[in-house]
Protein chains: 2
Amino acid sequence: MDNNVQELQDYEKLKKARDRFVSEVAKNIHLYDISHSVGRLYGTVFFSEDAMTLDEMSDELGMSKTSMSTGIRSLVEVNMVERVWEKGIRKDLYKTEDDWYKSFSNVFINRWRNATEQNTIAIQETKEMLHELNDTTGSDHLKQLIKSDLTKLKQAEAYYTWLDDVISLFETGEIFDIVPKREPN
Amino acid sequence: MDNNVQELQDYEKLKKARDRFVSEVAKNIHLYDISHSVGRLYGTVFFSEDAMTLDEMSDELGMSKTSMSTGIRSLVEVNMVERVWEKGIRKDLYKTEDDWYKSFSNVFINRWRNATEQNTIAIQETKEMLHELNDTTGSDHLKQLIKSDLTKLKQAEAYYTWLDDVISLFETGEIFDIVPKREPN
DNA sequence: TACGTTGTACAGTTTTTTCTGTACGTACTT
DNA sequence: AAGTACGTACAGAAAAAACTGTACAACGTA
C-alpha cells in the first residue's frame with residue numbers, strides 16, 4: 001500500500017530529526033565526563049516513548065548488549081537514568097531522569113566537588129611537606145623557593161575555596177534564586 | 001662535602017612536595033578537557049621560579065620536545081599559560097597565568113558556552129524538522145510521537161537557556177558579587 | 001530438577017588518543 | 001652565504017579507551 005510506504009518514510013524522518021539532537025548531545029556530553037557513545041545511549045533512551053530494555057537499546061544503536069549494560073550503569077550511577085519497574089516485565093527497564101536541572105547539575109556537582117576536595121587535600125599535604133622541609137633544611141636558597149611555592153599554593157587554595165563555594169551554590173539549590181529556572185514555552 | 005649531599009637530598013624533597021600537588025592537578029584537569037600529561041606540564045611550569053623554555057620542560061618531564069610544544073600550545077590557547085619575553089633570550093619562554101580565577105574560569109566558560117550554543121542550535125533545527133514532519137504526515141500516531149518529542153525538547157531548551165544564564169554569570173564576573181573571591185591567608 | 005532468560009565479568013580486539021623521532025622552515029649569527 | 005639554533009608538521013609507534021563475544025551466575029518457569 002502506498003500509505004504504508006509513506007508512513008515508513010515518515011518514521012525515518014522522525015528518526016533523522018531525533019538524531020540531529022542526539023548527535024549534538026553526544027558531541028558535548030564529554031563535558032560531563034561521559035563518553036560519546038554513552039551520550040548517544042542517553043539520547044536514545046531520552047526520546048523513547050517507553051522505558052527501554054537493554055535489548056532494545058542494543059537493537060536501536062547496533063551495539064552489543066554488554067556495552068548497553070555498562071553504559072546504562074554509568075548513567076544510572078550519576079542519576080541521569082533510572083531503572084523502573086513495570087508489572088509483568090522481567091527485563092530491566094530504564095528511562096531518563098526527566099528533570100535536566102537535577103540530572104545534569106548532579107553530575108556536575110559530584111565531579112567538581114570531588115575534584116576540589118582532592119585538590120584541597122593535596123594542597124594541605126604539600127604545604128605540610130614544605131613547612132617541614134623549611135624547618136629542617138639549612139639552605140637559604142631552598143627556603144626562598146619554599147616561600148615562593150607556599151605563596152603559589154595559598155593562591156591556589158583560595159581559588160579552590162571559592163570554587164567550593166560556587167559548587168555549594170548549586171548543591172543547595174541557591175543558584176535557582178539567583179538564576180531562576182526557565183519555564184518551557 | 002656532606003653539606004652538598006644533604007642539600008641535594010633536600011632539593012629532592014622539594015620535588016616530592018611539588019609532585020604531590022602536581023599529580024593531583026593532573027588527575028583532575030580532565031574536567032577542563034585537558035589531558036593528564038598536559039596537566040602535569042601545567043603543574044611543572046606553575047612551580048617553576050622562572051619562565052621555562054621547551055627544552056627545560058622536556059628535561060623536567062622526560063618527554064619529547066614535540067610534546068612540550070603541542071602541550072604548551074594548547075595551554076596557551078586556553079589562556080592558562082602565556083608566552084613571555086626576556087631580553088637576550090632567544091628561546092620561547094612560558095609561564096602560567098597566575099590568576100586562577102581568570103585562567104580556569106576562562107577555560108570553563110569557553111567550553112560550556114560553546115556546548116550550550118551548539119546544543120541550542122540543534123534543538124531549534126530538530127524542532128523545525130519535527131514541525132515540518134507534523135505538517136506533512138498523515139499518521140496520527142506519528143503526530144502523537146512528535147508532540148511528545150517537542151515537549152521533551154522544550155524542556156531541554158529551557159534547561160539550556162538557564163545554563164546559558166549561569167554561564168553569563170561567570171562571563172560577566174557577576175558571580176564574584178555573589179560568591180566573593182577569597183584572599184589567600 | 002531441568003531448562004530458558006537475563007545481566008554482567010572478563011579477556012581479547014578494535015579504535016582513538018597520545019607520544020615520539022625525523023625532517024624541515026625560519027631566523028639569527030658570523 | 002654558510003652554519004646553527006629553535007619550534008613544529010607530519011607520519012608512525014605506543015598507550016589508553018571503548019567495544020565485543022563468550023561464559024557464567026542468578027533467577028524464574030515448566
Side-chain angles (χ1 to χ4, degrees), chain A residues 22-23 25-45 48 50-78 80-95 111, chain B residues 22-23 25-45 48 50-78 80-95 111:
Chain A
V22 172
S23 297
V25 168
K27 200 192 286 171
N28 294 116
I29 198 88
H30 69 279
L31 290 175
Y32 296 93
D33 239 1
I34 291 167
S35 76
H36 187 92
S37 23
V38 175
R40 285 203 77 86
L41 176 58
Y42 176 84
T44 306
V45 179
S48 170
D50 311 304
M52 291 179 84
T53 66
L54 294 177
D55 286 315
E56 284 165 352
M57 299 171 203
S58 180
D59 281 356
E60 188 78 27
L61 290 167
M63 287 177 71
S64 75
K65 199 175 169 182
T66 306
S67 291
M68 301 303 98
S69 175
T70 54
I72 276 291
R73 180 162 23 164
S74 59
L75 289 171
V76 168
E77 266 166 14
V78 297
M80 287 177 62
V81 161
E82 56 182 357
R83 193 166 157 199
V84 293
W85 277 268
E86 266 175 50
K87 207 171 146 185
I89 297 183
R90 205 132 70 71
K91 300 187 182 190
D92 294 358
L93 290 169
Y94 298 94
K95 69 183 278 291
R111 309 248 196 250
Chain B
V22 173
S23 297
V25 168
K27 199 191 287 171
N28 294 117
I29 198 88
H30 69 278
L31 289 175
Y32 296 93
D33 240 359
I34 292 167
S35 75
H36 187 90
S37 23
V38 175
R40 285 203 76 87
L41 176 57
Y42 176 84
T44 304
V45 180
S48 171
D50 311 303
M52 292 179 84
T53 66
L54 293 178
D55 286 314
E56 286 165 351
M57 300 171 203
S58 180
D59 281 355
E60 188 79 29
L61 290 168
M63 287 178 70
S64 74
K65 198 175 169 182
T66 308
S67 291
M68 300 304 98
S69 175
T70 54
I72 276 291
R73 179 161 25 161
S74 59
L75 290 171
V76 168
E77 266 166 14
V78 297
M80 287 177 62
V81 161
E82 57 182 356
R83 193 166 158 199
V84 293
W85 279 267
E86 266 175 50
K87 209 171 144 184
I89 297 183
R90 205 132 71 68
K91 300 186 181 187
D92 293 0
L93 290 169
Y94 298 94
K95 69 182 277 293
R111 309 245 197 253

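The chains referred to below are lettered A, B, ... by the order of the sequence lines, with proteins before strands, and numbering in each begins at 1. The structure displayed is predicted, hence computed values, not measured ones.
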query: Starting at NE2 of A:H30 and ending at P of C:dT17, how long is that distance when rounded to a whole Å?
result: 11 Å

task: Check whether any side-chain nitrogen or oxygen of B:R40 sits under 4.0 Å from OP1 or OP2 of C:dT18, and answer yes or no.
output: no

task: Give the rounded distance in Å between these two atoms: NE2 of A:H36 and P of C:dT14.
output: 21 Å

query: In whole Å, what is the span from the CE atom of A:M52 to the P atom of C:dG7?
result: 13 Å

Nucleotide nearest B:L54 when distance is taken to its side chain, options C:dC19, C:dA9, D:dT8: D:dT8

task: Verify, without hydrogens or angle tests, whether A:R111 (side chain) and A:Y32 (backbone) share a donor-acceptor contact under 3.5 angstrom.
output: yes

- prompt: A:I29 has an atom CD1; how far is it from atom P of D:dA17, in whole Å?
  reply: 19 Å

task: Please report, rounded to the nearest Å, how far the P atom of D:dA15 is from the CE atom of B:M63.
output: 12 Å

task: Figure out the CD1/P separation between A:I72 and C:dA9, and round it to whole Å.
output: 15 Å

message: Side-chain N or O of B:S67 versus OP1/OP2 of C:dT20: is the shortest distance under 4.0 Å?
response: yes

- line: To the nearest angstrom, the CE-C1' distance between A:M68 and D:dG21 comes to 14 Å

- request: Could you check if a side-chain atom of B:M68 sits within less than 4.5 angstrom of a side-chain atom of B:L41, using non-hydrogen atoms only?
  value: yes

- request: Mark yes or no for a side-chain to base donor-acceptor pair under 3.5 Å between B:T66 and C:dG21, with no hydrogen or angle criteria applied.
  value: yes

- prompt: Do A:L93 and A:T53 come within less than 4.5 Å of each other through their side chains, counting heavy atoms only?
  reply: yes

message: For the backbone of B:K65 and the side chain of B:S69, can you confirm whether one donor and one acceptor N or O come within less than 3.5 Å of each other?
response: no

task: For the residue pair B:M57 and B:V45, establish whether any side-chain heavy-atom pair is separated by less than 4.5 Å.
output: yes

query: For B:T70, which contact category applies under a 4.0 Å heavy-atom criterion: base, sugar-phosphate, or nothing?
result: nothing

query: Does B:S64 get its side chain close enough to the base of C:dG21, under 3.5 Å, for a donor-acceptor pair?
result: no

- request: For the residue pair B:I72 and B:M52, establish whether any side-chain heavy-atom pair is separated by less than 4.5 Å.
  value: no

message: Expected output is a numbered-order residue list: members of residues 85-94 of chain B with a heavy atom under 4.0 Å from any atom of DNA chain D. What is it?
response: B:R90, B:K91, B:D92

- prompt: Under 4.5 Å between any side-chain heavy atoms of B:E82 and B:K95, yes or no?
  reply: yes

message: Just to be sure I understand the rule, does B:S35 reach a base, reach only the sugar-phosphate, or reach nothing, if contact means heavy atoms closer than 4.0 Å?
response: sugar-phosphate

query: How long is the line joining CD of A:E56 and P of C:dG7, in whole Å?
result: 10 Å

- prompt: Relative to the 5' end of DNA chain D, which residue comes earlier, A:K65 or B:D55, by the nucleotide with the nearest heavy atom?
  reply: B:D55

